[in-house]
Protein chains: 2
Amino acid sequence: MPPNGRTALDSFPKPAFLEFMRDARPNKEKSPKKAVAAERPAGVRRPDAARIPGSSVHTSLASEIGLRIVRGDYPPGTILPNEAKWSETFSVSRSAVREAIKMLMAKSLLASRPKIGSWVEPKERWNLLDRDVLAWYATSPDREVFLRTVQEFRHIIEPEATAFAAMRRTDEQMAEISQACREMGEAKSLQERTRADTRFHLAILRASGNDLLVPLGVLIESAFDHLFAYTTRELDDLQLAQKMHEAIEKNIRLQRPDAARNAVRKLLANTDNVIRSR
Amino acid sequence: MPPNGRTALDSFPKPAFLEFMRDARPNKEKSPKKAVAAERPAGVRRPDAARIPGSSVHTSLASEIGLRIVRGDYPPGTILPNEAKWSETFSVSRSAVREAIKMLMAKSLLASRPKIGSWVEPKERWNLLDRDVLAWYATSPDREVFLRTVQEFRHIIEPEATAFAAMRRTDEQMAEISQACREMGEAKSLQERTRADTRFHLAILRASGNDLLVPLGVLIESAFDHLFAYTTRELDDLQLAQKMHEAIEKNIRLQRPDAARNAVRKLLANTDNVIRSR
DNA sequence: AAAGCAATATTGTCTGACAATAGACGTAAA
DNA sequence: TTTACGTCTATTGTCAGACAATATTGCTTT
């Protein structure tokens with residue numbers, strides 16, 4: 001029953017109220033509050049905000065503030081504007097601001113105390129492996145550096161994860177991996193192919209049998225998002241990449257950890273070249 | 001100015017209100033609300049809640065609910081009690097409940113929609129590498145399994161991270177590493193030693209030059225917390241471990257990636273033995 | 001039987017109030 | 001002059017109550 005919608009703060013829903021961000025309207029008269037029903041004050045009342053799932057006010061606010069922090073607008077240690085100030089700046093209620101701030105606190109970007117305010121936590125505390133933080137982080141510096149960092153990380157994780165998968169995969173997990181691999185080959189569009197590619201690598205992480213590896217999937221997703229622009233359209237390259245994926249699939253299927261690890265290393269080296277050559 | 005207190009939801013502050021958790025008091029009369037000042041209703045009003053930093057109501061609530069979810073009380077897909085219900089169960093305001101839920105949403109343990117309610121997200125979405133989630137996760141299954149998983153993860157991460165550190169460390173980073181190593185040797189108590197040990201490994205992660213490795217420090221901290229009970233009191237073992245740490249320090253200092261990697265592998269193998277032998 | 005429509009339950013948002021906290025500052029004492 | 005203490009005050013924490021938006025559920029109508 002719970003629908004499987006995309007996760008929240010992904011920041012692309014174009015938060016409605018951000019349009020009038022700096023539009024400080026100090027003299028907004030209080031809404032009458034007596035008029036119970038009938039007599040709609042005709043517009044003015046933020047007509048149709050919050051349509052898309054990920055764009056409730058607090059969510060959008062969290063995105064905006066989170067992005068600013070990660071981007072470096074408020075360096076670690078900085079004391080942020082207080083809740084009343086945010087509330088005024090964005091013309092939203094204090095509750096919405098508080099909920100947004102609580103979300104950022106949950107990601108360790110912020111902490112707060114009465115009388116002090118909220119301050120930006122030192123960068124080491126940031127939960128960089130969080131989906132949203134990662135997304136914000138990915139936008140701020142130039143793509144190159146970010147992509148290189150993620151790619152380096154993949155070199156550390158994926159070969160070992162794949163070796164474990166070759167040892168411990170269940171049949172169901174193998175089926176997922178194989179299917180994703182097949183769908184990569186049959187994909188009609190580049191986007192479709194990339195999606196199957198992502199599924200392939202995530203399935204391997206899940207099959208590794210180590211719960212802690214699974215959350216690292218966000219890194220792979222992020223990498224593929226940013227790699228998309230670099231992806232080749234050349235048929236030769238595509239076929240080569242497909243062969244490499246099939247080699248990985250095969251070695252996991254035949255339960256050969258070492259061979260699987262090497263196959264992944266080859267694939268990553270190939271990806272490195274794609275990045276470098278651009 | 002921002003004090004460097006421990007991070008929030010660490011769940012050891014023994015949240016005050018949890019005492020009367022199941023104490024459903026349906027007929028609580030509304031507080032008079034007219035009596036402005038003077039005439040304190042004498043006790044009853046949750047006398048001294050929220051003393052310790054990490055124990056505000058919403059924070060404690062998030063801990064309690066988060067723990068329940070991770071523990072498996074509400075399996076993925078389950079629709080949770082609604083906000084009003086939580087509010088009643090714990091006798092706290094709906095705002096507090098909402099803020100707690102927003103924190104859990106930020107960690108991808110929950111998601112919600114109007115009219116539906118809040119449901120537990122599939123486990124793959126959980127941000128297991130989050131400090132709090134990890135802490136909750138660590139309590140639920142038996143220590144053994146958790147410890148083994150974390151330790152396996154360390155085998156994947158730390159050798160490579162250390163090799164990178166040997167290549168890219170700055171002098172400041174080296175100083176941190178060396179100091180932690182020294183303090184390990186000079187530590188007077190086991191606890192003191194463990195703390196220095198943790199600092200040593202975290203400093204290496206930071207020195208690796210890959211931002212994404214830093215957040216994995218929570219795993220190491222968690223591992224050491226749980227490893228503490230297993231730690232040996234034998235002098236021989238301690239001295240052996242110290243030698244291994246010094247070998248790592250030396251190889252990073254001399255910028256020998258391969259030797260550093262091997263030194264870490266040895267140390268981890270030693271730790272494996274400690275775990276296994278218990 | 002199918003399609004549209006209304007009732008309903010739940011989260012989302014706003015408002016306004018008061019409590020608790022801890023820094024800043026001034027005042028008094030040593 | 002310096003130190004210690006108490007007061008002032010700005011900020012988050014908590015509460016209460018109201019209304020809006022939304023999508024499921026079940027009913028009604030064709």
Side-chain angles (χ1 to χ4, degrees), chain A residues 1-3 5 8 16-17 28 30-38 40-41 45-61 79-88 90-102 105 110-119, chain B residues 1-3 5 8 16-17 28-37 40-41 45-61 79-88 90-102 105 110-119:
Chain A
M1 315 77 177
F17 65 91
K28 61 167 180 182
K30 312 290 183 182
S31 52
K33 176 79 184 204
K34 294 298 176 181
V36 182
R40 276 284 263 283
R45 204 109 187 79
R46 202 176 319 124
D48 54 349
R51 183 124 315 171
I52 326 163
S55 72
S56 44
V57 173
H58 53 259
T59 299
S60 308
L61 244 187
I79 299 214
L80 295 178
N82 63 36
E83 296 174 351
K85 188 77 180 152
W86 286 121
S87 169
E88 187 193 351
F90 293 117
S91 356
V92 300
S93 75
R94 206 185 135 209
S95 338
V97 172
R98 280 185 62 78
E99 288 174 11
I101 287 184
K102 288 297 162 296
M105 286 174 74
L110 288 187
S112 58
R113 291 260 194 102
K115 168 67 187 178
I116 310 282
S118 303
W119 61 88
Chain B
M1 319 70 173
F17 65 92
K28 61 165 182 182
E29 73 261 39
K30 309 294 184 180
S31 52
K33 177 77 188 216
K34 292 298 174 181
V36 180
R40 277 281 263 282
R45 203 99 189 86
R46 202 178 316 125
D48 54 348
R51 182 125 314 172
I52 326 161
S55 72
S56 43
V57 173
H58 54 259
T59 300
S60 308
L61 246 187
I79 300 220
L80 294 179
N82 63 36
E83 295 172 352
K85 189 77 181 154
W86 287 121
S87 169
E88 187 194 351
F90 293 117
S91 357
V92 299
S93 73
R94 206 187 134 207
S95 332
V97 173
R98 281 184 62 77
E99 288 174 10
I101 288 184
K102 289 298 162 295
M105 288 174 72
L110 289 185
S112 57
R113 290 257 195 104
K115 167 66 187 179
I116 309 283
S118 302
W119 62 89

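Throughout, protein chains are lettered first and strands after them, A, B, ... in sequence-line order, and every chain is numbered starting at 1. Everything numeric in this text was worked out from a predicted model, so none of it was measured.
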State whether A/S112 places a side-chain N or O below 4.0 Å from either non-bridging phosphate oxygen (OP1 or OP2) of D/dG13. yes
Between B/L80 (CG) and C/dA9 (C1'), how many Å, whole number? 16 Å
In whole angstrom, give the distance that lies between atom CZ of A/R98 and atom P of C/dT13. 16 Å
Side chain to side chain contact (heavy atoms under 4.5 Å, CB included) against B/K115, all qualifying residues, sequence neighbours excluded: none
Mind listing the N/O atom pairs, protein and nucleotides 7-10 of chain D, below 3.5 Å?
unit_1	atom_1	unit_2	atom_2	d
D/dT9	O2	A/K115	NZ	3.4

Looking only at side-chain atoms of A/S93, point me to the closest of C/dC14, D/dT14, D/dT24. C/dC14
Expressed in angstrom and rounded to an integer, what is the separation of B/W119 atom CH2 from C/dT10 atom P? 14 Å
For the residue pair A/W119 and A/R113, establish whether any side-chain heavy-atom pair is separated by less than 4.5 Å. yes
Mind checking if A/K102 touches a base, just sugar-phosphate, or nothing, with heavy atoms under 4.0 Å? sugar-phosphate
With a 4.5 Å limit on heavy-atom distance, are the side chains of A/S118 and A/I79 in contact? no
Winner on side-chain proximity to A/E83, out of D/dC15, D/dG13, C/dA22, is D/dG13
Is a side-chain donor or acceptor of B/S60 paired with a backbone partner of B/S56 at a separation under 3.5 angstrom? yes
Quick one: list whatever passes side chain to side chain contact (heavy atoms under 4.5 Å, CB included) with B/P114, sequence neighbours left out. none
Within this structure, what is the CE-to-P distance between A/M105 and D/dT12, rounded to whole angstrom? 11 Å
Any donor-acceptor N/O pair under 3.5 Å between D/dG13 base and A/R113 side chain: no
Please report the distance, rounded to the nearest Å, between CG in B/L110 and P in C/dT10. 16 Å
Can you tell if the side chain of A/K102 reaches within under 4.5 Å of the side chain of B/M105, non-hydrogen atoms only? no
At 4.0 Å (heavy atoms only), tell me whether B/S95 reaches a base, stays on the sugar-phosphate, or touches nothing. base
Nearest-Å distance for atom pair CG/P, residues A/L61 and C/dC14: 9 Å
Let me know the distance between CD1 of B/I116 and P of D/dT24, rounded to the nearest Å. 5 Å
Can you tell me how far P of D/dG13 sits from CD1 of A/I101, to the nearest Å? 8 Å
Between B/R94 and B/E99, just flag the one whose closest nucleotide in DNA chain D comes earlier from the 5' side. B/E99
B/S87 side chain to B/V92 main-chain N or O, any donor-acceptor pair under 3.5 Å? yes
